[in-house]
Protein chains: 2
Amino acid sequence: MPDAHDLLWGHRPTPTRGPRRTLTVEHIATTAITIADADGLPATTMQRVAERLDVTKMALYRYVPGKDELVALMIDTALGEPPDGPPAPWRAALRSWSDALFTRFAAHPWALAATIGPRPIGPHELTWLERALAALADTALTGSEAMDTVATLVGHVRGIAQQMAAQHTEAALQHSFATLVEGRADRFPAIVRALSSSSSSDNQDSDNQGSDNQGGALAFGLDRVLDGVELFLRVKANPS
Amino acid sequence: MPDAHDLLWGHRPTPTRGPRRTLTVEHIATTAITIADADGLPATTMQRVAERLDVTKMALYRYVPGKDELVALMIDTALGEPPDGPPAPWRAALRSWSDALFTRFAAHPWALAATIGPRPIGPHELTWLERALAALADTALTGSEAMDTVATLVGHVRGIAQQMAAQHTEAALQHSFATLVEGRADRFPAIVRALSSSSSSDNQDSDNQGSDNQGGALAFGLDRVLDGVELFLRVKANPS
DNA sequence: CCAAAACTGTATCCGATGGAAACAGTATAT
DNA sequence: ATATACTGTTTCCATCGGATACAGTTTTGG
């Protein structure tokens with residue numbers, strides 16, 4: 001039986017004797033993903049996956065050594081290959097890369113919970129990293145600076161995806177905060193202030209320096225991070 | 001029986017009749033945290049928590065409606081109150097706030113997994129938000145801009161804490177990447193390049209514009225984000 | 001051509017988990 | 001003093017991931 005790494009990277013034994021296999025690991029993974037997308041990761045039991053495939057629960061163990069390995073497969077399959085657009089300068093490339101990553105996480109919210117803790121990395125996931133680092137290859141960033149930049153972007157993308165998974169809209173998030181601080185304005189004055197100043201539409205200065213603030217929290221954070229990196233590069237090139 | 005919200009916010013009925021209670025919710029929560037710190041969240045079963053407290057598993061259900069509610073309590077207790085230092089300008093305040101938050105997550109790695117998905121928010125968690133927003137109250141940021149800034153910081157802190165929980169050191173992380181791309185340099189050239197250029201110590205330019213790069217990935221990302229916010233404020237004040 | 005070997009999916013069983021329900025003992029209020 | 005409300009315990013249950021033994025199927029080697 002192949003282990004998690006072999007499974008992810010396609011090192012799978014192809015037996016010749018015995019009955020034809022009725023399933024494939026890919027089919028199992030996509031079925032599990034469908035269930036997880038609909039009802040979440042806890043509802044994705046071996047039993048339910050097997051039922052959808054019209055086999056017994058134990059049949060799955062002929063393809064996958066255990067549930068952890070199935071989840072690892074689900075993650076790498078759900079993430080998929082990063083979309084490849086036309087070559088672009090590093091900032092635009094990282095911007096669309098981040099947006100694409102967000103889209104994937106938004107489509108598969110369970111993947112956020114599944115990608116926590118030590119776990120095997122699959123080829124698709126590594127390709128995402130490859131693309132991001134490639135975008136930064138022509139800059140003056142060192143290797144670890146580039147790595148750290150990607151980590152920051154991923155952290156932000158995941159964070160916002162998490163918020164959206166918990167509260168579908170930003171308005172709902174604000175509403176739940178508002179409910180919490182209600183009657184406790186003395187303990188949380190800054191939250192009260194922030195909520196009131198954001199609900200009231202005070203965008204009299206709507207052409208704020210080209211930063212597309214309409215996109216919400218995801219765009220705002222991405223623009224701040226990329227601004228920070230851009231500044232870092234500028235200072236590095238010209239330490240005035 | 002109080003629900004999760006009541007439990008977190010201290011709205012607990014105090015019965016007068018009946019035998020003395022042998023436990024408290026706080027004691028249960030701290031005991032569960034001790035177990036989770038040592039062996040992780042999956043190992044934190046009602047059974048084990050009860051054993052440590054010398055009661056039966058079902059006794060816990062007199063204090064907590066279910067495991068989800070216990071975990072919610074654990075989170076808010078483990079996070080605790082944010083440490084309050086002397087008043088500081090917004091950047092320094094957010095910097096130490098982020099460092100403190102990182103320390104908490106590093107001490108309780110299971111909290112990363114537990115704080116994903118829809119869940120009740122406790123008073124401590126809301127106090128963390130309050131402090132961060134208070135630090136930004138004197139700036140020109142709108143309420144939602146301040147909220148988004150905090151979200152970006154939290155995302156980064158969580159992301160790095162997650163990496164550290166999976167691979168204890170940054171060197172270990174790089175090593176595991178190196179192992180993965182080994183023999184696949186053609187598929188992942190940018191990763192190979194980034195890894196080699198970071199392992200070779202090329203800090204000939206060690207006084208890089210005051211950004212404390214020794215702190216590693218956490219510091220780098222925080223500095224980039226805060227630089228980005230600072231630039232945003234500067235442009236907002238003086239749209240040259 | 002045929003038996004041994006290798007593989008398939010199935011049926012049965014297991015320990016651990018979160019939790020429900022009924023129970024007997026204990027402190028308080030009327 | 002007795003009913004009431006509460007305590008912690010015991011027993012029980014469905015569901016989970018997974019081990020094992022099994023009967024049927026296909027290929028391989030003599």
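Heavy atoms only: backbone and side chains are in, while hydrogens, waters and symmetry mates are out. Chain letters run A, B, ... following the sequence lines, proteins first, then strands; residues in each count from 1. Quick caveat: nothing in here was measured; it's all calculated off a predicted structure.
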Check your understanding: For the atom pair CG (L94(B)) and OG1 (T149(B)), what is the distance rounded to the nearest 0.5 Å?
Key -> 8.0 Å
Exercise for review: At under 4.0 Å between heavy atoms, which parts of nucleotides 8-17 of chain C does protein reach? Answer with one letter per nucleotide, 5' to 3': B base, S sugar-phosphate only, - none.
Suggested key: BBBB-----S
Between [atom2] of [N] and [atom1] of [X], the distance in whole Å:
| X | N | atom1 | atom2 | result |
| --- | --- | --- | --- | --- |
| L70(A) | dC16(D) | CG | P | 14 Å |
| Y61(B) | dA22(C) | OH | C1' | 17 Å |
| L41(A) | dG17(D) | CG | P | 10 Å |

Exercise for review: Return the orientation label for the H5(B) and H11(B) ring planes: parallel under 30°, perpendicular over 60°, tilted otherwise.
Suggested key: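 Ring orientation, 0 to 90° scale: parallel.
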Review point. Do NZ/NE/NH1/NH2 and the carboxylate oxygens of R12(A) and E26(A) come within less than 4.0 Å?
Key: yes
Check your understanding: Between E145(A) and R224(B), does a salt bridge (Lys or Arg N to Asp or Glu O under 4.0 Å) hold up when you go through it step by step?
Key -> CA-CA 11 Å; E145(A) 283 165 355; R224(B) 271 348 104 225; over 6 Å; no
Practice item. Using atom types as modelled and distance alone, determine if a side-chain donor or acceptor of E69(B) lies under 3.5 Å from a backbone N or O of G66(B). Key: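 Yes, the answer is positive, given that a donor and an acceptor are paired below the 3.5 Å cut-off.
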Practice item. Give a yes/no answer on whether the side chain of T16(B) brings an N or O atom under 4.0 Å of OP1 or OP2 in dC6(D). Key: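 Answer no for this pair, as no side-chain N or O of T16(B) is under 4.0 Å from OP1 or OP2.
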Exercise for review: Output, in order, the C-alpha distance, side-chain angles, deciding distance and verdict of salt bridge (Lys or Arg N to Asp or Glu O under 4.0 Å) for R48(A) and D39(A).
Suggested key: CA-CA 11 Å; R48(A) 269 193 73 178; D39(A) 296 341; 2.9 Å; yes
